[in-house]
> 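Have a look at this one before I ask anything.
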Amino acid sequence: MAEAKNAFYAQSGGVTAVINASACGVLETARRHPDRIANVYAGRNGIIGALTEDLIDTGQETPEAVAALRHTPSGAFGSCRYKLKGLEESRDEYERLIEVFKAHNIGYFFYNGGGDSADTCHKVSQLSAQWGFPIQAIHIPKTVDNDLPVTDNCPGFGSVAKYIAVSVREASYDVSSMARTSTKVFIIEVMGRHAGWIAAAGGLAADRDNDIPVVILFPEVPFDQDRFLARVRDCVARHDYCSVVVSEGARWPDGRFLAEQGTKDAFGHAQLGGAAPVVAALVKQQLGFKYHWAVADYLQRSARHIASKTDVDQAYALGKAAVEFALAGKNAIMPVIVRTSDNPYRWEIGLADLKDVANVEKFMPGEFISADGFGITPACRAYLEPLIQGEDYPPYRNGMPDYVRLRNAPVAKKTAAGFELRR
């Protein structure tokens, strides 16, 4: 029988309420196969942990601590925004990965993240073919933006969608009760750089029993100032108030972000922040309505206390499937969610080739956005509603969620030299 290899697991990009559920799926499944996977070493702060040989020995964690990851938000091992360039362009980085992986007998690579992480994982998967280093690289999907292709939906999105839908409904109840003499327009800015999936979730606040006037500003629909102001004016005339959900990626007709600050993030993307105050200023200056605005920001992606059970179950299942696919000899793939039925909602695990996932974004389809560009269609509602179903509350202690903090014991270094990260 072949010698058992160690596995490397890391989290990348913006964390979510359920990314640790995927980690739990990886660790618990790997522990059931000690003859194939001797141990799982986690990268402290993502792929940076591999480059700097800053590894975490997950074997030091108790079964109870690992199980508690399923209900704990954020990234238990630390995350990063660090995208590897091409194999030849950044040869020193890949040589360093091989050096560290060889030193620690690592034969499996599990990278838990979004589109840029899929690209990194795809590049690592090529080490075997191009540089003769045997490793199986499996990408585990995660992104609140829900913009990965092939998979029906992404872990992290269902819980954000639930948080935004609930928040818009609750805030709308608040505003409606005071609208006659106080605030008439409430504006909430949500995440979503290029895809409006999270903004769309705000449309779930209204249904047949809740006649809430919700106006949604999608990245996919150029922002028409005059049409928007007319819609808000009409909503206030009919309802006394209006709730506006604006994506951080909403754009002017010329393609500029409403929220663009002129700076870039670590991945080279435009740094966004401030779409809500831009919209609020228009409402005040052009319509004269009293307003309040809020930015959901980290609250929407860290709200494990109101996570979707569907989301938690899928996140765990994808972590589990990643290990099972690796043990079956798969490489350069990503386990995905396959929807088999809307009503009743049913899903199963499939797989996608990383070449079909890396650097590809999935946008809101036209049939999901209402004809006027400010709302969602019945088809979109049918897609979204199953993803927010069910509650999976964490345990509480002294009135607060009882989350786990792992020991994160370091693995002893085995290479002589350090590594200077690219800036």
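Just the heavy atoms: all of them, side chains too, but no hydrogens, waters or symmetry mates, feed the values below.
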> Provide the closest heavy-atom pair for Ala332 versus His122 in the form atom of the first, atom of the second, distance.
CB-CD2, 4.5 Å

> Quiz question: by atom type and distance under 3.5 Å, do the side chains of Asn39 and Asn6 form a donor-acceptor pair?
no

> Considering only distance and modelled atom types, tabulate donor-acceptor pairs under 3.5 Å from the side chains of residues 394-404, sequence neighbours left out.
none

> Okay, side chain of Asp311, backbone of Gly156: is any donor-acceptor separation there less than 3.5 Å?
yes

> If you apply the rule side-chain contact (heavy atoms from CB on, under 4.5 Å), what do you find for Val160 with Met191, and how did you get there?
CA-CA 9 Å; Val160 168; Met191 289 178 171; over 6 Å; no

> May I ask you to decide if Cys154's main-chain N or O and Thr151's side chain share a donor-acceptor pair within less than 3.5 Å?
no

> How would you list all residue pairs meeting ring-ring contact (aromatic ring centres under 6.0 Å, His included) that involve residues 132-178, not counting sequence neighbours?
none

> What heavy-atom pair brings Asn146 and Asn153 nearest, and what distance separates the two atoms?
OD1-CA, 3.2 Å

> Check the side chains of Ser243 and Ser172 for a donor-acceptor pair under 3.5 angstrom, ignoring hydrogens and angles.
yes

> How many angstroms lie between CD1 in Ile37 and CZ in Arg32, if you round to the nearest 0.5 Å?
11.0 Å

> Given Glu170 and Val166, is the side-chain contact (heavy atoms from CB on, under 4.5 Å) satisfied, shown in steps?
CA-CA 6 Å; Glu170 291 179 339; Val166 169; 3.6 Å; yes

> Suppose we screen for side-chain hydrogen bond (donor to acceptor under 3.5 Å, both in side chains). Which residues come up paired with Tyr393, at least two apart in sequence or across chains?
none

> For residues 59-70, run the donor-acceptor check on the side chains, cut-off 3.5 Å, and write out each pair with its distance to 0.1 Å, sequence neighbours left out.
residue	atom	partner	partner atom	Å
Gln60	NE2	Asp57	OD2	3.2
Glu61	OE1	Arg407	N	3.2
Glu61	OE2	Arg407	N	3.0
Glu61	OE2	Asn408	N	2.9
Thr62	OG1	Ala65	N	3.0
Arg70	NH2	Asp313	OD1	2.9

> What's the separation between atom OG1 in Thr143 and atom CZ in Arg301, rounded to the nearest 0.5 Å?
10.0 Å

> Is a side-chain donor or acceptor of Trp197 paired with a backbone partner of Ala161 at a separation under 3.5 angstrom?
no

> Could you check whether Arg251 makes a cation-pi contact with Phe257, meaning its NZ or CZ is under 6.0 Å from the centre of the six-membered ring and within 45° of the ring axis?
yes

> Does anything in residues 150-163 pair up under salt bridge (Lys or Arg N to Asp or Glu O under 4.0 Å), and if so which pairs, sequence neighbours excluded?
Asp152-Arg339, Lys162-Glu391

> Tell me the closest heavy-atom pair linking Pro149 and Asp356, and the distance in Å.
CG-O, 3.6 Å

> Whether the side chain of Asp353 engages the backbone of Lys355 through a donor-acceptor N/O pair (distance < 3.5 Å, no angle test) should be reported.
no

> Tyr82 side chain to Arg422 main-chain N or O, any donor-acceptor pair under 3.5 Å?
yes

> Is Arg31 paired with Glu28 through a side-chain N to carboxylate O contact shorter than 4.0 Å?
no

> Just jot down the side chain to side chain contact (heavy atoms under 4.5 Å, CB included) partners of Pro344, sequence neighbours excluded, or say none.
Ser341, Arg346

> Report the distance from atom CD1 of Ile47 to atom CZ of Arg81, rounding to the nearest 0.5 Å.
15.5 Å

> State which residue, out of Asn20, Thr16, Asn112, fulfils the side-chain hydrogen bond (donor to acceptor under 3.5 Å, both in side chains) condition with Gln11.
Asn20

> For the side chain of Thr183 and the backbone of Val175, is there at least one donor-acceptor N/O pair under 3.5 Å apart?
no

> Judged by atom type as modelled, is there a donor-acceptor pair below 3.5 Å linking the side chain of Glu189 to the main-chain atoms of Val295?
no

> With the threshold set at 4.0 Å, does a side-chain nitrogen-carboxylate oxygen contact exist between Asp145 and Arg193?
no

> With a 4.5 Å cut-off on side-chain heavy atoms, are Trp131 and Arg91 touching?
yes

> Applying ring-ring contact (aromatic ring centres under 6.0 Å, His included) as the test, list every pair that has at least one member in residues 199-245; sequence neighbours left out.
Phe223-Phe228, Phe223-Trp252

> Quick one: list whatever passes side-chain hydrogen bond (donor to acceptor under 3.5 Å, both in side chains) with Lys5, sequence neighbours left out.
Asn105

> Stepwise, does the side-chain contact (heavy atoms from CB on, under 4.5 Å) test hold for Tyr345 with Gln389?
CA-CA 10 Å; Tyr345 176 58; Gln389 295 304 307; over 6 Å; no

> Between Ile333 and Ile138, is there a side-chain heavy-atom distance shorter than 4.5 Å?
yes

> To the nearest 0.5 Å, what is the distance between OG on Ser90 and NZ on Lys123?
7.5 Å

> Between Ser12 (side chain) and Ser117 (backbone), is there a donor-acceptor pair under 3.5 Å?
no

> Describe, in one word, how the ring planes of Phe101 and Phe8 are oriented to each other, choosing from parallel (under 30°), tilted (30 to 60°) and perpendicular (over 60°).
tilted

> So which heavy atom on Leu51 is nearest to which on Arg96, and how close?
O-NE, 2.7 Å

> Ala17: which residues meet the side chain to side chain contact (heavy atoms under 4.5 Å, CB included) condition with it, sequence neighbours left out?
Ser159, Arg304

> If you look only at pairs with a residue in residues 43-76, which of them pass as a ring-ring contact (aromatic ring centres under 6.0 Å, His included), with sequence neighbours excluded?
none

> Between Cys235 and Val215, which heavy-atom pair has the shortest distance, and what is it?
SG-CG2, 4.1 Å

> Side-chain contact, heavy-atom cut-off 4.5 Å: Gln225 with Leu282?
yes

> Donor-acceptor pair, Ser177 side chain versus Asp174 backbone, under 3.5 Å?
yes

> Only pairs at least two apart or in different chains count here, so list each salt bridge (Lys or Arg N to Asp or Glu O under 4.0 Å) that has a residue in residues 197-220.
Arg169-Asp207

> To the nearest 0.5 Å, what is the distance between OG1 (Thr52) and CZ (Arg44)?
9.0 Å

> With rounding to the nearest 0.5 Å, note down the distance linking CG in Asp35 to CD in Glu3.
12.5 Å

> Among pairs that include at least one residue of residues 298-333, which meet ring-ring contact (aromatic ring centres under 6.0 Å, His included), considering only residues two or more places apart or in two chains?
none

> Are there over 12 heavy-atom neighbours, none belonging to Lys330, within less than 6.0 Å of that residue's NZ?
no

> Between Tyr9 and Tyr41, is the ring centre distance below 6.0 Å?
no

> Given side chains that start at C-beta, do those of Ile216 and Val246 come closer than 4.5 Å, heavy atoms only?
no

> Leu127 vs Leu87, test: side-chain contact (heavy atoms from CB on, under 4.5 Å). Steps then yes/no.
CA-CA 8 Å; Leu127 293 179; Leu87 292 177; 4.1 Å; yes

> For a quick test of reading the model, state the closest non-hydrogen atom pair linking Val411 to Ile56 and the distance between them.
CG2-C, 3.7 Å

> Does the Glu361 side chain pair with the main chain of Asp147, one donor and one acceptor, at a distance under 3.5 Å?
no

